[in-house]
Q: 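Dumping the structure here so I can ask a few things about it.
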Amino acid sequence: MYPDDGPRSGEYIPGGRSAGAGWQTRVQFIRVPAIRAIGFGSSLAIAVSYVHNESIGWAIVHGLLSWLFVIYAALFY
């Protein structure tokens with residue numbers, strides 16, 4: 001698995017033949033770019049805007065404004 005095949009800190013080693021460590025765990029942190037994490041407010045704003053205006057351009061603008069547009073739409077639509 002690794003170039004030197006030596007055990008790594010935090011790695012599960014089947015059989016546990018390393019220095020007294022039969023079970024070790026590996027923790028990996030996955031970084032998710034912010035562009036992929038579209039929140040509920042943005043999704044709701046895009047849906048409401050597209051249903052009301054039937055325009056993709058306005059839906060994108062309202063999606064960027066997210067909760068501000070959702071509150072505006074709740075008050076005035």
Side-chain angles (χ1 to χ4, degrees):
M1 182 159 57
Y2 294 100
D4 60 357
D5 288 329
R8 301 282 189 250
S9 174
E11 181 179 355
Y12 170 67
I13 303 170
R17 294 194 177 166
S18 67
W23 175 263
Q24 297 175 357
T25 57
R26 169 177 284 168
V27 177
Q28 293 180 335
F29 294 98
I30 301 172
R31 294 183 183 186
V32 177
I35 194 74
R36 291 181 54 196
I38 297 176
F40 178 72
S42 295
S43 301
L44 183 60
I46 290 170
V48 169
S49 176
Y50 187 76
V51 167
H52 182 73
N53 298 321
E54 295 183 3
S55 170
I56 294 175
W58 278 115
I60 291 171
V61 170
H62 294 149
L64 293 174
L65 297 174
S66 69
W67 282 109
L68 294 176
F69 177 73
V70 171
I71 293 170
Y72 172 80
L75 293 176
F76 297 108
Y77 282 168

Q: Compile the donor-acceptor pairs under 3.5 Å between side chains in residues 61-71 and protein atoms, sequence neighbours left out, one pair per line.
A:
{"unit_1": "His62", "atom_1": "ND1", "unit_2": "Ser49", "atom_2": "OG", "d": "2.6"}
{"unit_1": "His62", "atom_1": "ND1", "unit_2": "Trp58", "atom_2": "O", "d": "3.1"}

Q: Return the set of residues passing ring-ring contact (aromatic ring centres under 6.0 Å, His included) with Phe76 (not counting sequence neighbours), or none when no residue passes.
A: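 Per chain and number, Phe76 pairs via ring-ring contact (aromatic ring centres under 6.0 Å, His included) with Tyr72.
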Q: When hydrophobic residues are tied together by side-chain contacts of less than 4.5 Å, even through go-betweens, does Tyr77 share a cluster with Tyr50?
A: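 Tyr77 and Tyr50: separate clusters.
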Q: Please check if Leu44 and Leu75 belong to a single hydrophobic cluster, counting links between Ile, Leu, Val, Met, Phe, Trp and Tyr side chain heavy atoms closer than 4.5 Å.
A: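 Yes: a chain of side-chain contacts under 4.5 Å links Leu44 to Leu75.
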